[in-house]
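Read the structure below first, then the notes.
These values consider heavy atoms only, across backbone and side chains, with no hydrogens, waters or symmetry-generated copies. To find a chain, count down the sequence lines: A is the first, B the second, and so on, and within it residues start at 1.
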Number of protein chains: 2
Amino acid sequence: MKVTFNKRDPVYVQVVRHFKEQIATGNLEPGQEIPSRRELANQLKINPNTAQRAYKEMEEAGLIFTQGNSPSKITRDENIISSVREELILEAVEDFVSAIRPIKVPIEEVVGILKEKYNDDVFERRDKND
Amino acid sequence: MKVTFNKRDPVYVQVVRHFKEQIATGNLEPGQEIPSRRELANQLKINPNTAQRAYKEMEEAGLIFTQGNSPSKITRDENIISSVREELILEAVEDFVSAIRPIKVPIEEVVGILKEKYNDDVFERRDKND
DNA sequence: TCCAGTGTATTAATCAGTTAATACACATTC
DNA sequence: GAATGTGTATTAACTGATTAATACACTGGA
């Protein structure tokens with residue numbers, strides 16, 4: 001478990017996003033246990049309350065569930081899981097579109113640059129994340 | 001002059017971005033006068049100090065220049081202007097790539113969704129902005 | 001039993017951004 | 001020359017979001 005934080009977005013938002021990505025890619029499986037609030041806080045060097053806030057959001061979104069006082073687990077609801085993936089993709093695309101449209105760049109030019117950048121640095125990146 | 005603000009980013013940042021877009025598209029021409037700090041604040045319903053901060057950033061970035069106490073003007077440096085366009089595009093693409101890559105979606109699928117969304121709502125949008 | 005680890009809740013402190021209130025020098029216009 | 005409208009600077013207050021500190025209740029196992 002490792003997350004690289006940016007300074008722009010709130011930490012708890014970034015934590016939620018990280019879990020969503022892990023769920024979307026299947027890296028975290030349905031029913032799988034996730035670290036306790038305190039342990040996550042230790043691992044990521046963040047405050048336990050920040051971890052708690054992230055988990056609370058995920059719980060309310062149905063991404064994880066908690067029984068008694070045992071560690072939370074990833075939801076087993078496949079509908080939720082697949083919609084997480086869709087949501088992440090759509091959100092990224094919509095942000096991108098609203099960023100790029102005001103500049104009035106032809107779509108094909110955008111796609112060209114996009115493909116180029118998408119394949120960039122893929123080797124170093126593979127070392128880091130997988 | 002009209003800008004729709006989101007709540008995520010600081011207002012002064014959004015103002016700067018708006019001007020960059022206008023410069024990049026040629027909607028604001030080299031040497032063209034822009035509203036005074038106080039007038040911009042009036043138009044956008046923001047605090048004069050926020051307008052001042054935005055202009056200060058733009059001045060430091062060489063996007064605008066100010067002589068004496070007459071209203072600031074768009075730079076006449078074509079290098080800066082074209083690099084603004086490049087910068088906006090590259091930044092958007094890089095943000096998008098780093099948002100989409102962790103989800104491990106095939107690039108062609110992404111491009112498909114992107115093209116679809118890019119052409120979406122183009123009619124209503126045209127009414128509003130042009 | 002008791003204790004360590006869990007989830008949960010409450011309150012305080014911190015921080016960035018924004019707004020606000022003034023002030024000053026300058027120049028253009030009336 | 002006075003007035004108005006520029007740009008610029010300084011300082012303080014406010015506000016909402018975020019993070020931090022602390023406490024409480026529960027439970028499963030040693």
query: Which whole-number value in Å describes the distance from A:R8 CZ to D:dT18 C1'?
result: 17 Å

- line: When every non-hydrogen atom of B:S98 is compared with those of B:D95, the smallest separation belongs to OG-O, 3.1 Å

Listed nucleotide nearest any side-chain atom of A:P10, set D:dT18, D:dT8, D:dA23: D:dT18

statement: Whole-Å distance, A:Q52 CD to D:dT22 P, equals 18 Å

- request: Evaluate whether atom NZ of B:K73 has more than 12 neighbouring non-hydrogen atoms of other residues, nucleotides or ligands under 6.0 angstrom away.
  value: yes

message: What is the distance, to the nearest angstrom, from the CD atom on A:Q67 to the C1' atom on D:dC26?
response: 15 Å

message: Are B:Y118 and A:F96, when compared by the centres of their aromatic rings, separated by less than 6.0 Å?
response: no

field: Atom-to-atom span, NZ of B:K7 to C1' of C:dT18 - whole angstrom
entry: 16 Å

- prompt: For D:dT6, does either OP1 or OP2 sit under 4.0 Å from a side-chain N or O belonging to B:S36?
  reply: yes

task: For D:dT6, take OP1 and OP2 only and decide whether either is under 4.0 Å from a side-chain N or O of B:R37.
output: no

statement: Assign each of B:R38 and B:P48 the nucleotide of DNA chain C bearing its closest heavy atom; nearer the 5' end lies the nucleotide of B:P48

task: Please report, rounded to the nearest Å, how far the C1' atom of D:dT6 is from the CG atom of B:N69.
output: 4 Å

query: Choosing from D:dA20, D:dT6, C:dG17, which nucleotide comes nearest the side chain of B:R53?
result: C:dG17

query: Charged N to carboxylate O below 4.0 Å: is that the case for A:R17 and A:E57?
result: no

- request: Using the salt bridge (charged side-chain N to carboxylate O under 4.0 Å, His left out) rule, take A:K115 and B:E108 through it: C-alpha gap first, then chi angles, then the decisive distance, then the call.
  value: CA-CA 9 Å; A:K115 285 183 177 174; B:E108 290 305 336; 3.3 Å; yes

task: Name the closest nucleotide to the B:N47 side chain, picking from C:dA20, D:dT6, C:dT6.
output: C:dA20

task: Figure out the CD/C1' separation between B:E57 and D:dT8, and round it to whole Å.
output: 16 Å

field: Comparing B:S72 and A:I46 on DNA chain D - which has the more 5′ nearest nucleotide
entry: B:S72

message: Nearest whole Å is fine: how far is C:dG17 P from B:Q14 CD?
response: 12 Å

Atom-to-atom span, CD1 of A:I64 to C1' of C:dT8 - whole angstrom: 13 Å

query: Taking OP1 and OP2 of D:dG7, is either one under 4.0 Å from a side-chain nitrogen or oxygen of B:Y55?
result: no

statement: Ranking D:dT19, D:dT6, C:dG7 by distance to the side chain of B:E39, first place goes to D:dT6

- prompt: Which nucleotide sits closest to the side chain of B:N49: D:dT18, D:dT22, C:dA20?
  reply: C:dA20

task: Kindly say if B:T50 contacts the phosphate of C:dT19, meaning a side-chain N or O under 4.0 Å from OP1 or OP2.
output: yes

